Amino acid sequence: MPITDQGNLSPSVFAAAYPSYEATRAIDDLQAREYAFLDVQGQTYVDYTAASLYATSQLDRHMAVLRDRAFGNPHSTNPSSAMTMGFVARARSEVLRFFNASPDEWSVVFTGNASQALKLVGESYPFAPGDQYLLTFDNHNSVNGIREFARSRGATATYIPIVLPDMRVDEADLATQLDRARPRGNNLFAYPAQSNFSGVQHPLEWIDRARAKGWDVLLDAAAFTPTNRLDLGRWHPDFVVLSFYKIFGYPTGVGCLLARKTALAKLQRPWFAGGTITVASVQGDKHFLAEDESAFEDGTLDFLALPAVEIGLRHIEAIGLDTIHERTRCLTGWLLDNLRALRQTNGQPLVRLYGPLSTDRRGSTVTFNFYRANGRAIDHRIVEERANAAKISLRTGCFCNPGGGEIALGITGTELSSCFRQPEHQDHMTIDDFRLCIDGKSTGAVRVSLGLVSNLADVNRVIGFVQEFVGV
Ligand SMILES: Cc1ncc(COP(=O)(O)O)c(C=O)c1O
């Protein structure tokens, strides 16, 4: 429901358009109590896709756990080690419970973040000549990077385009690509459950379809899980990656690879390390990998951080993921409605949105560029400077999602190839070189992303900030 009256941010208009927001009011109290640092700093935080925020009670609970116990390095039977191993096991089972993942079917491999989980899959997936890596244009660079592992072992990497204006995949195109699984070969298909560029939610139904056609499915759930329920009793991808700080802010430095046990068994580790083996010998020149998830956890886990994962998951459960989901849906709808209604002095739209214009099958990540009355884009760096001055934490650029950026900004493969072919750019290119090279086209966009404790005031502040560009 777009508003018609430019600048009418009245709470009553919002309440009429999004009545279900009222039922999420408990988050306002929580925000005042537990996230008060936002008010102290006078900040408007709208960068949740980059990182969520943590409640002060998460810190208190974590410190209480550490203060009362001696935690030793795991991998031993001494009492302090046993204490640590108990908490590691608890963290694993809490993660399984949170995602409704049966311990008979799923393993949790703790990693430093989602990117490390992706690297584990990339380096261990048994790509061989003729095998295939299929992925959507819309992907984080840490998923794109797996193409290097695939190609170095003779596999092909194929991209499925996304299509403007919604930036979704053409279903017919997907069907054609999925039909190309190589019989008895290794076929890996990777996509994000939610785009960190456009907020598009790509269908989870693709998982069963792809697997039925002979693909192993790698689901990047990093941008999806903070505001959406991922039910691994219902969906059965082979691999799922995520970072916990994106869901509940603290701790950083812990992510995981959730893998179906049969899929994990297919991976071939390119090396071994402390903690990953049962036996390794120097003179016998042999090693035996552990037969559980620890075969994938190199060296010592961040064991002091792991109790905070259980605390964070319980924090989210106490608020209710469905409540978080509904609240961010309402706020995203309001933001989209208003951004669509804003006009430049000549009546042309003030912003161009990339991705779906309604809350249908999209999350709370909203990306756009500003336009002057003369039709020229306002450089996203100018927007960022002004946002910084207004104490608004938003993000600009391409968000490590070059495929999304290229499609949104109309940068073609031909332009990029001719740019990268120039002799001076064989091995070296700075972001400024890149800007010059694609001559005049915008190289980035502005991203506002909502999350856990976003509220109406945050969104109205962003809309007010955007309005200040009328006449610029
Ligand atoms: C969709 C998506 N995948 C992967 C990542 C990588 O996460 P991390 O930097 O925590 O490894 C991000 C980070 O923004 C993301 O948004």
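For ligands, and for the atoms within them, numbers begin at 1 and follow the listed sequence. The shown structure was predicted, so the numbers you read here are calculated from the model rather than taken from an experiment. Starting from 1, each residue takes its place in the sequence as its number.
The proximity of Gln116 to ligand 1, defined as any non-hydrogen pair under 4.0 Å, does not occur for either the backbone or the side chain. With a 4.0 Å heavy-atom cut-off, ligand 1 is reached by the backbone of Ala114 and by its side chain too. At a heavy-atom cutoff of 4.0 Å, ligand 1 is contacted by no atom of Pro192, backbone or side chain.
Closest to atom 9 (O) of ligand 1 among all protein heavy atoms lies Tyr245 OH, 3.5 Å. Considering only non-hydrogen protein atoms, atom 13 (C) of ligand 1 sits nearest to Lys246 NZ, 2.8 Å. At the shortest separation from atom 2 (C) of ligand 1 among protein heavy atoms lies Asp220 OD2, 3.4 Å.
Cation-pi check for Arg386 over Phe469 is met; the charged atom lies under 6.0 angstrom from the ring centroid and within 45 degrees of its normal.
Using a 30° and 60° split on the angle between ring planes, Phe189 and Trp215 fall in the perpendicular class, above 60°. Relative orientation of the Tyr159 and Phe137 rings is perpendicular, given thresholds of 30° and 60° on the angle between their planes.
Here's the thing with Ser243: one of its N/O atoms is less than 3.5 angstrom from an N/O atom of ligand 1.
With Asn196 as reference, Asn401 is the one residue of Asn401, Asn139, Thr49 to meet the side chain to side chain donor-acceptor pair (under 3.5 Å) rule.
Aromatic ring centres of Phe71 and Phe303 lie farther apart than the 6.0 Å criterion allows.
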